[in-house]
There are 2 protein chains.
Amino acid sequence: MLEPERHQIILDLLKKQNTVKLQELVELTNSSESTIRRDLSQLEKQKLLKRVHGGAARLQNMLQEPTMVEKSSKNVQEKRLIAKYAASLIEEGDSVYIDAGTTPFEMIPFLPSDIVVVTNGLMHVEALLSRNIKTFLLGGYVKPTTKALVGRSAIESLKNFRFDKCFMGVNGIHPDYGFTTPDPEEATVKQLAITLTRDVYVVADESKFSEVTFARIADLKDAMIITNAIDKEILTQYERETTIKVVSA
Amino acid sequence: MLEPERHQIILDLLKKQNTVKLQELVELTNSSESTIRRDLSQLEKQKLLKRVHGGAARLQNMLQEPTMVEKSSKNVQEKRLIAKYAASLIEEGDSVYIDAGTTPFEMIPFLPSDIVVVTNGLMHVEALLSRNIKTFLLGGYVKPTTKALVGRSAIESLKNFRFDKCFMGVNGIHPDYGFTTPDPEEATVKQLAITLTRDVYVVADESKFSEVTFARIADLKDAMIITNAIDKEILTQYERETTIKVVSA
DNA sequence: TAAAAGTCAACCAAAAACATTCAAATTCAA
DNA sequence: TTGAATTTGAATGTTTTTGGTTGACTTTTA
C-alpha cells in the first residue's frame, strides 16, 4: 500500500471519529506498527492531526464537518471485521446497494473502487466519494435521527436500479420473525432493495440475534448473514433456515 | 505501446483512483519499469500528477470546478444579504425548492422553520436538519465536485413535487442568453424545478451579470432576480425583460 | 505503590524502489 | 537503404521504505 493511500485512510477515519487507535490503523492498512507511527509523525508535522498515546486525535480545524457519532469502540472492532469480510465478497464491476446504518458504513474503506454504489445513507456519501467510488443516492424524506432517506420518493428512486449484491443492516434477527427494524418506512426500502438484488447479505454483530423489533423486513431465508462470534447452539438453530458466515479475528 | 497512449492510460487511471502503483502500470501497459518511471517523471514535470515512492498520486487541481469551500469564502457578505432578503419572501407553510449552490445555501439560517424544503444539494441537508426543517432530498448521481444530485433519477424524484417558491443559483445572467450554468445535467434539473414552481427566484451576486456559460437554464422572463449592488445602466438593460430586486446593506 | 502490560523512539538490516547509464531496438529523414 | 535521433529494456549501484528489535517510557492493574 502506497504512502498517500495510507495517509488518506488515516485522515478519512479521523473525519468520522475523533480518535484512532494505532492498532486499528495497523489492521486497516495491513502495515506494521513502525510504518503507522512514522505516518502519524509525518501527518502531525503537517498539522493534519495530533498524536496521542496509543494513536492519534483529530484537530479542531477538521471539526467543521462533524459527521458520524462515535459508537462504543468495542462494537466498532467487531463491526469492522464483519465489514471487511463482507466487502471482500464484492468483485470489480459489481453494482452494489449499501444500506444506511453503521455496520454497512464500515464496509466503505474496504470496497474495491471500480464499482457502482447505490445507498440511502446520507452519511455514507462523503466516505464513498473520498474513495472515488461512483455513487448514487436515493431521494426521499431525510429521517433526522439516522439521516437515512425513506418514503415514497426513495422507493421510486430505488426502482430504477438492479444490484449484484446488497448489504443490509438490521436491528433484529429471529428464527420465527426473521429480520426486523424499528422503522416501517426503512423496512419498506430494505424490502424493495432485497427484491432488486441477486445476492443479499445481512451484516450484523451478535447483539442482533434473538432480537425482534417492530417492522418486519424479510425471512431469514432471503439473505445470507455475516456476523462475528456466535454461540454454537444458537448457530444451529438458525442454520436450518439460512446460511451464516461467522467471521473471527 | 506508444507514449501518448501510455500517458493517457496513466491519467485516466488517476482520475478514478487517487493513486497508482508503478507495478500496476507495468502490467497494464506491458512496458518496463524504466519506461513507466520516465513517463511518470514527464507527467510530473507537466504538473499532471505527483510522483510518490512506489507510483504516483493525483493532484488536487484535477478537480475541474472550484469546490464548495473555496467558493464560499468569496463574496460571503454580499451573498448573505441576498440570501436574507430571499428568505424573507418565504411564508409559513410554503413548499420551497432550494437549489444546490452557495448562494441558496446561505438562505438556510434565515428560513422560517414551518416549511417543507426540497433540495438537490447534499451539503444543504445537514444545515436544514439543524434548523429542524422538514427536508426532502432528490435522488441521483452524486456529482463529486459540487455534491449536487443530478441525472435521470434526480429528474424523476423532482417530478413528485410542486413548489410555492424556488430559489436558483446560476453562473451566468445575460440579456440575450438568459440564465446559464456550466453543467448541462444541473441545468436540466434546474429547468424542471422552474416548471414545477409558482414563484421562481434567481439569487446571484453582481459577478454573474453579463456572463454566459455552457448550458442554458431559462429565459430572463422566467424568474425574478435577487442581487446586490449593480450599475444603473446595466439594470435598465435587464429590466425590459424581468424584475430585479436589488438588496443593499 | 509496585508489577504488568502497553506504547514509544531509535536503531538496524532486508527488501523495494530509485536514478543513472548503456546498448539494443525502433523510428524517422535523407 | 543508410545513418542519426529517439525510445526502450536491462544492469548497475544508490536511496528510500519497511518491519522487527531494543530498551526507555507511560498507563493500567493489582
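In what follows, chains carry the letters A, B, and so on, assigned in the order in which the sequence lines appear, proteins first and then strands, with residues in each chain numbered from 1. Quantities reported herein were computed from a predicted structural model and do not represent experimental measurements.
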Enquirer: List for me each residue that meets side chain to side chain donor-acceptor pair (under 3.5 Å) alongside B:E33, sequence neighbours excluded, and say none if there are none.
Expert: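 With neighbours one apart ignored, the set is B:Q23, B:R37.
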Enquirer: Taking only residues two or more places apart in sequence or in another chain, which ones pass side chain to side chain donor-acceptor pair (under 3.5 Å) with B:S31?
Expert: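 Once residues adjacent in sequence are excluded, the partners of B:S31 under the side chain to side chain donor-acceptor pair (under 3.5 Å) criterion are B:T29.
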Enquirer: Write down the distance between CD (A:Q23) and P (C:dA5), rounded to a whole number of angstrom.
Expert: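 Computing the A:Q23:CD to C:dA5:P distance gives 16 Å.
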Enquirer: Just to verify, what does A:F136 make a ring-ring contact (aromatic ring centres under 6.0 Å, His included) with, not counting sequence neighbours?
Expert: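 Testing A:F136 for ring-ring contact (aromatic ring centres under 6.0 Å, His included), a comparison that skips the adjacent residues, returns A:F161, B:Y141.
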Enquirer: Whole-Å distance between C:dA9 P and A:I36 CD1?
Expert: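 Rounding to the nearest Å, CD1 of A:I36 and P of C:dA9 are 14 Å apart.
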Enquirer: Apply ring-ring contact (aromatic ring centres under 6.0 Å, His included) to A:F179 and list each qualifying residue two or more places apart in sequence or on a separate chain.
Expert: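 Testing A:F179 for ring-ring contact (aromatic ring centres under 6.0 Å, His included), a comparison that skips the adjacent residues, returns none.
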Enquirer: On DNA chain D, compare the nucleotides closest to A:N30 and A:H53; which residue's is nearer the 5' end?
Expert: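 Residue closer to the 5' terminus by nearest nucleotide: A:N30.
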Enquirer: What is the distance from CD of A:E24 to C1' of C:dT7, rounded to the nearest Å?
Expert: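 One finds 16 Å between C1' of C:dT7 and CD of A:E24, rounded.
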Enquirer: Mind checking what makes side chain to side chain donor-acceptor pair (under 3.5 Å) contact with A:D219, not counting sequence neighbours?
Expert: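 Scan of A:D219 (side chain to side chain donor-acceptor pair (under 3.5 Å), adjacent residues dropped) gives A:R216.
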Enquirer: In whole angstrom, give the distance that lies between atom CG of A:L40 and atom C1' of C:dA9.
Expert: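 Checked: the CG to C1' distance equals 13 Å.
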Enquirer: Output the rounded distance in Å from CE (A:M1) to C1' (C:dA17).
Expert: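 After rounding, the gap between these two atoms is 18 Å.
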Enquirer: Set out, line by line, the N/O atom pairs under 3.5 Å between protein and nucleotides 20-25 of chain C.
Expert:
none

Enquirer: Quick one: list whatever passes side chain to side chain donor-acceptor pair (under 3.5 Å) with A:T146, sequence neighbours left out.
Expert: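 For A:T146 the side chain to side chain donor-acceptor pair (under 3.5 Å) partners, ignoring immediate neighbours, are A:E186.
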Enquirer: Using the test side chain to side chain contact (heavy atoms under 4.5 Å, CB included), find all partners of B:R38 that sit at least two apart in sequence or belong to another chain.
Expert: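 By the side chain to side chain contact (heavy atoms under 4.5 Å, CB included) rule, B:R38 matches B:S34, B:T35.
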Enquirer: Just by distance, with hydrogens left out, do A:T19 and A:R58 show a side-chain donor and acceptor under 3.5 Å apart?
Expert: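 No.
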Enquirer: Does anyone know the first and last nucleotide of DNA chain D in reach of chain B, 5' to 3', at under 4.0 angstrom to a heavy atom?
Expert: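 First and last nucleotides in contact are D:dT8 to D:dT17.
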Enquirer: For B:L25 and C:dA17, give me the distance from atom CG to atom P, rounded to whole Å.
Expert: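 Atom-to-atom, B:L25 to C:dA17, this comes out as 13 Å.
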Enquirer: Rounding to a whole Å, what distance do you find between B:E33:CD and C:dC18:C1'?
Expert: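 The distance from CD of B:E33 to C1' of C:dC18 comes to 9 Å, rounded to the nearest Å.
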Enquirer: Closer than 4.0 angstrom, basic N to acidic O: yes or no for B:E106 and B:K79?
Expert: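 So B:E106 does not pair with B:K79 through a salt bridge.
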Enquirer: Regarding B:V26, tell me which of base, sugar-phosphate or nothing describes its non-hydrogen contacts under 4.0 Å with the strands shown.
Expert: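 Nothing: the residue B:V26, judged by heavy atoms under 4.0 Å, touches no strand.
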Enquirer: Just report the end-to-end axis angle for the helix from C:dT1-D:dA30 to C:dA30-D:dT1, five pairs per end, to 10 degrees.
Expert: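 Axis-to-axis angle, ends of the helix: 40°.
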Enquirer: For B:K21, what residues pass the salt bridge (Lys or Arg N to Asp or Glu O under 4.0 Å) criterion, not counting sequence neighbours?
Expert: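 With neighbours one apart ignored, the set is empty.
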Enquirer: Excluding sequence neighbours, so at least two apart, what forms ring-ring contact (aromatic ring centres under 6.0 Å, His included) with B:Y177?
Expert: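 For B:Y177, the residues satisfying ring-ring contact (aromatic ring centres under 6.0 Å, His included) (neighbours in sequence not counted) are B:H174.
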